[in-house]
Amino acid sequence: SKKKGLSFEEKRARMMEIFFETKDVFQLKDLEKIAPKEKGITSMSVKEILQSLVDDGMVDTDRIGTSNYFWAFPSKALHARKRKLEELESQFAESSQKKEALQKSIEKSKIGREDTAERAALLKELAALRQEKEQLKTEIDKYRECDPDVVEEMRQTNQVAKEAANRWTDNIFSIKSWAKRKFGFEESRIDKGFGIPEDLDYID
C-alpha cells in the first residue's frame with residue numbers, strides 16, 4: 001500500500017492486524033520489515049506504535065536471552081477492549097446523570113428568582129461535562145474497530161448525552177429571552193451579567 005498520511009490510530013489498528021492475521025511472535029526488526037510492506041506503516045514509526053500497544057496492554061512482550069519478543073492473540077485483545085469499553089460506558093452513564101442533575105437545577109433556577117453565582121457555576125460545570133464528553137468520544141474512537149456492537153451502543157448513549165446538553169442550552173436561551181422581555185435587558189448585558197459565553201450554541 002502506498003497510502004500516505006495514516007493517523008496514529010490507523011497505524012495501531014494495522015499493527016494489530018499483523019498479529020491477529022499471523023498469530024505469530026515477532027522481534028522488533030521483523031515488524032520493521034513487515035509493517036511497511038504489508039500495512040503501509042513506515043519502519044521508523046514501528047517502534048513507537050508497538051510501544052503504545054504494549055503500554056495499553058494490547059500487545060504482550062517478553063525478553064528471552066538478549067532479544068525482546070512481541071505477540072498478541074485476538075482472544076486476549078477482545079477481552080481487554082471489552083473491559084475498556086465497559087469502563088467508558090460507565091463513565092458515560094455517570095456523565096448523563098450529572099447532566100440530568102444540571103437540567104433539574106436550571107429548571108429550578110428559572111422559577112421565582114435569578115441566581116448569578118449559581119448560573120455561573122452551572123455554566124462552568126456544563127463546559128466541564130462537554131469537555132469530558134469529547135474526551136470519552138476520543139477514547140471510544142480508539143476502540144471502534146474492536147467490538148462494533150458495544151461501540152454502537154455507546155454511541156447511542158453519547159447521542160442521549162448530546163441531546164441532554166442541547167436541552168440544557170435551550171433552557172439558557174429561554175431564560176435569556178424571558179429576561180429580555182421582562183426587564184428589557186440587551187442580550188449582551190445578560191451574557192455579561194450571568195457569565196454566558198457569547199459563542200454558546202447547540203452541539204451539532
Side-chain angles (χ1 to χ4, degrees), residues 3 5-23 31 35 39-41 45-62 70-107 121-172 197 199-204:
K3 180 181 177 182
L6 291 175
S7 71
F8 190 74
E9 289 307 321
E10 286 173 328
K11 291 177 182 178
R12 281 165 52 97
R14 292 190 180 198
M15 183 71 74
M16 292 304 296
E17 288 175 3
I18 295 175
F19 290 107
F20 292 167
E21 290 168 2
T22 63
K23 299 181 178 63
L31 293 169
K39 298 299 179 181
I41 304 171
S45 66
V46 167
K47 185 175 182 180
E48 179 187 5
I49 298 299
L50 187 59
Q51 186 60 51
S52 76
L53 293 170
V54 171
D55 291 343
D56 286 348
M58 297 173 67
V59 171
D60 290 315
T61 183
D62 197 7
F70 302 88
W71 68 93
F73 300 117
S75 58
K76 178 182 177 181
L78 180 60
H79 181 66
R81 289 164 183 158
K82 283 186 175 180
R83 265 204 326 270
K84 182 65 175 180
L85 288 170
E86 288 171 0
E87 177 185 336
L88 292 173
E89 189 173 31
S90 175
Q91 292 178 28
F92 259 118
E94 185 178 346
S95 293
S96 296
Q97 290 176 353
K98 288 181 179 179
K99 285 184 173 66
E100 185 178 350
L102 286 173
Q103 177 76 23
K104 291 179 179 178
S105 295
I106 191 63
E107 289 293 339
L122 290 172
L123 284 170
K124 184 177 180 180
E125 180 72 9
L126 176 62
L129 287 170
R130 282 178 170 167
Q131 183 178 3
E132 180 183 359
K133 182 179 77 68
E134 289 303 315
Q135 291 173 346
L136 290 173
K137 183 177 181 299
T138 299
E139 283 291 307
I140 289 173
D141 287 342
K142 286 173 57 177
Y143 296 88
R144 66 182 179 276
E145 297 180 10
C146 305
D147 195 333
D149 292 338
V150 176
V151 172
E152 179 59 29
E153 181 179 347
M154 295 189 68
R155 283 179 176 161
Q156 291 176 5
T157 303
N158 182 47
Q159 179 65 25
V160 171
K162 183 180 76 172
E163 290 173 357
N166 281 336
R167 286 196 301 271
W168 204 96
T169 301
D170 194 44
N171 285 331
I172 293 177
D199 59 351
L200 178 67
D201 204 351
Y202 299 99
I203 301 173
D204 296 328

Looking only at heavy atoms, what is the nearest atom pair of [X] and [Y], with distance?
{"X": "Leu6", "Y": "Gly40", "answer": "CD1-O, 3.5 Å"}
{"X": "Phe19", "Y": "Phe70", "answer": "CE2-O, 3.6 Å"}
{"X": "Lys23", "Y": "Phe73", "answer": "O-CE2, 3.9 Å"}
{"X": "Ile49", "Y": "Arg12", "answer": "CG2-CA, 3.8 Å"}

### Task
May I have the step-by-step check of side chain to side chain contact (heavy atoms under 4.5 Å, CB included) for Gln131 and Gln135, ending in yes or no?
CA-CA 6 Å; Gln131 183 178 3; Gln135 291 173 346; 3.8 Å; yes
Output the distance between atom [atom1] ([X]) and atom [atom2] ([Y]), rounded to the nearest 0.5 Å.
{"X": "Lys99", "Y": "Glu132", "atom1": "NZ", "atom2": "CD", "value": "7.0 Å"}
{"X": "Gln97", "Y": "Leu102", "atom1": "CD", "atom2": "CG", "value": "12.0 Å"}
{"X": "Leu136", "Y": "Glu87", "atom1": "CG", "atom2": "CD", "value": "9.5 Å"}
{"X": "Asp60", "Y": "Leu53", "atom1": "CG", "atom2": "CG", "value": "11.0 Å"}
{"X": "Leu126", "Y": "Lys98", "atom1": "CG", "atom2": "NZ", "value": "12.5 Å"}
{"X": "Gln103", "Y": "Ser96", "atom1": "CD", "atom2": "OG", "value": "12.5 Å"}

### Residue list, side chain to side chain donor-acceptor pair (under 3.5 Å) with Glu21, at least two apart or on another chain
Lys39
### Task
Return the set of residues passing side chain to side chain donor-acceptor pair (under 3.5 Å) with Glu125 (not counting sequence neighbours), or none when no residue passes.
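Scan of Glu125 (side chain to side chain donor-acceptor pair (under 3.5 Å), adjacent residues dropped) gives none.
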### Message
Under the rule for salt bridge (charged side-chain N to carboxylate O under 4.0 Å, His left out), what residues qualify as partners of Lys11, not counting sequence neighbours?
### Response
none
Can you find a pair of side-chain heavy atoms, one from [X] and one from [Y], that are under 4.5 Å apart?
{"X": "Ile18", "Y": "Arg14", "value": "no"}
{"X": "Lys133", "Y": "Leu129", "value": "no"}
{"X": "Glu134", "Y": "Arg130", "value": "no"}
{"X": "Glu10", "Y": "Ile41", "value": "no"}

